[in-house]
Amino acid sequence: MSPDPQPAARSASARPAPVRPGPARSAPARPASAGPAPVRRAPDIRPLMAEFPSGVSVVTAIAGDGAPRGMTCTSLCSVSLDPPIVLVCLGSGSNTLKAVRESGSFAINLLHAQGRSTAELFASGALDRFDRVAWRAEAGDAGPHLTEDAHIIADCSVVGDQVVGDHAVLMGEVRAAVPVRREPPLLYGLRRFSVWPHPVDASQAVRDTVG
């Protein structure tokens with residue numbers, strides 16, 4: 001038998017190359033810790049509400065010291081028919097709101113087409129506003145009645161008062177709502193005043209006093 005074959009001699013070139021360390025690998029980057037969420041500014045809703053024309057009213061009340069108070073208000077809507085409840089929104093810092101809370105009642109004077117100057121007056125903050133308009137406040141009235149500038153006046157008793165943001169939402173139960181004069185309503189929208197474009201039915205009875 002032939003002898004077992006001997007392993008062939010390995011040349012230097014056949015030797016495995018020494019393993020060299022590769023470049024150091026950095027640890028995977030970690031996301032930076034999240035900082036405080038950016039503060040989002042509340043949207044300005046005035047452009048939205050400018051696109052929603054409405055009637056114009058002056059909400060009035062008698063303060064605890066007997067002084068008349070009032071301010072122009074377009075935030076008015078019906079809430080319930082039975083019982084008859086309406087809603088108005090007044091600025092939290094207004095003297096009118098203070099008077100409403102002191103008396104527990106308020107009057108809504110819906111202005112007619114000739115009442116634009118009165119709407120502007122009661123929106124201006126002028127201290128002598130009641131010296132420049134015709135009004136009365138008789139026993140049983142919820143607030144001053146603007147007899148020359150309103151086409152209908154409602155007397156309301158406060159049945160709800162809730163602060164929402166920078167306004168107070170007032171619920172008023174209507175005690176009386178009687179037309180004063182038959183005139184087209186004054187409107188406000190798109191940042192300007194306008195007048196109800198259709199004729200008013202003059203056949204409806206008009207009462208000069210609110211009962």
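Hydrogens, waters and symmetry mates are skipped; everything else that's a heavy atom, side chains included, is used. Since we're looking at a predicted model, the values are computed, not measured.
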R175 versus S157, closest heavy-atom pair with distance
NH1-OG, 2.8 Å
Determine, step by step, whether L111 and H151 satisfy the side-chain contact (heavy atoms from CB on, under 4.5 Å) criterion, reporting the C-alpha distance in whole Å, the side-chain angles of both residues, the deciding distance to 0.1 Å, and the verdict.
CA-CA 6 Å; L111 302 185; H151 63 90; 5.8 Å; no
Contacts of Q114 meeting side-chain contact (heavy atoms from CB on, under 4.5 Å) (sequence neighbours excluded), chain-then-number -> H112
If you take all heavy atoms of A61 and S105, which pair is closest and at what distance?
CB-O, 3.8 Å
A side-chain contact here means heavy atoms from C-beta on lying under 4.5 Å apart; do H145 and E138 qualify?
no
Tell me the salt bridge (Lys or Arg N to Asp or Glu O under 4.0 Å) pairs involving residues 107-116, sequence neighbours left out?
R116-E120
Which Ile, Leu, Val, Met, Phe, Trp or Tyr residues join L76 in one cluster when any pair of side-chain heavy atoms under 4.5 Å counts as a link?
V59, M71, V86, V88, L90, L97, V100, F106, I108, L110, I152, V158, L170, V174
Is the backbone N or O of G143 less than 3.5 Å from a side-chain atom of D141, with the two atoms forming a donor-acceptor pair by type?
no
Could you give all pairs that pass the salt bridge (Lys or Arg N to Asp or Glu O under 4.0 Å) test and reach residues 73-83, with sequence neighbours left out?
none
Taken in chain and number order and not counting sequence neighbours, the residues that satisfy salt bridge (charged side-chain N to carboxylate O under 4.0 Å, His left out) with E102 are none
Pairs where residues 156-173 contributes a residue and the test salt bridge (Lys or Arg N to Asp or Glu O under 4.0 Å) is met, not counting sequence neighbours
R101-D161
Check: D149 side chain, L146 main-chain N or O, donor-acceptor pair, under 3.5 Å:
no
List, by chain and then residue number, the residues other than V169 in its hydrophobic cluster (Ile/Leu/Val/Met/Phe/Trp/Tyr, side-chain heavy atoms under 4.5 Å); write none if there are no others.
V79, I85, L87, V159, V164, M171
Results of side-chain contact (heavy atoms from CB on, under 4.5 Å) for L121 - residues two or more places apart only:
S124, A126, R129, R132, V133
Using only atom types and a distance under 3.5 Å, with no angle test, would you say the side chain of T72 pairs donor to acceptor with the backbone of A119?
yes
Output yes when a side-chain donor or acceptor of N109 lies under 3.5 Å from a complementary backbone atom of V58, and no otherwise.
yes
Is there a side-chain contact between F193 and L187 in this structure, where contact means two heavy atoms from C-beta onward sitting under 4.5 Å apart?
no
Applied to residues 86-96, the side-chain hydrogen bond (donor to acceptor under 3.5 Å, both in side chains) test, sequence neighbours excluded, yields none
If you compare all heavy atoms of R69 against all heavy atoms of A99, which two are closest, and at what distance to 0.1 Å?
CG-CB, 3.6 Å
Interatomic spacing from CZ in F122 to OG in S117 - rounded to 0.5 Å
10.0 Å
Can a donor-acceptor pair be found between the side chains of T147 and R136 at a distance below 3.5 Å?
no
side-chain contact (heavy atoms from CB on, under 4.5 Å) with S75: which residues, sequence neighbours excluded?
C73, C89
Testing the basics here: between G91 and H167, what is the closest heavy-atom pair and its distance to 0.1 Å?
N-CD2, 3.5 Å
Check side-chain contact (heavy atoms from CB on, under 4.5 Å) between P68 and all other residues, then give those that pass, not counting sequence neighbours.
I62, F130, W135, P144
Look at the side chain of D155 and the backbone N and O of A176, then say whether any donor-acceptor pair between them is shorter than 3.5 Å.
no
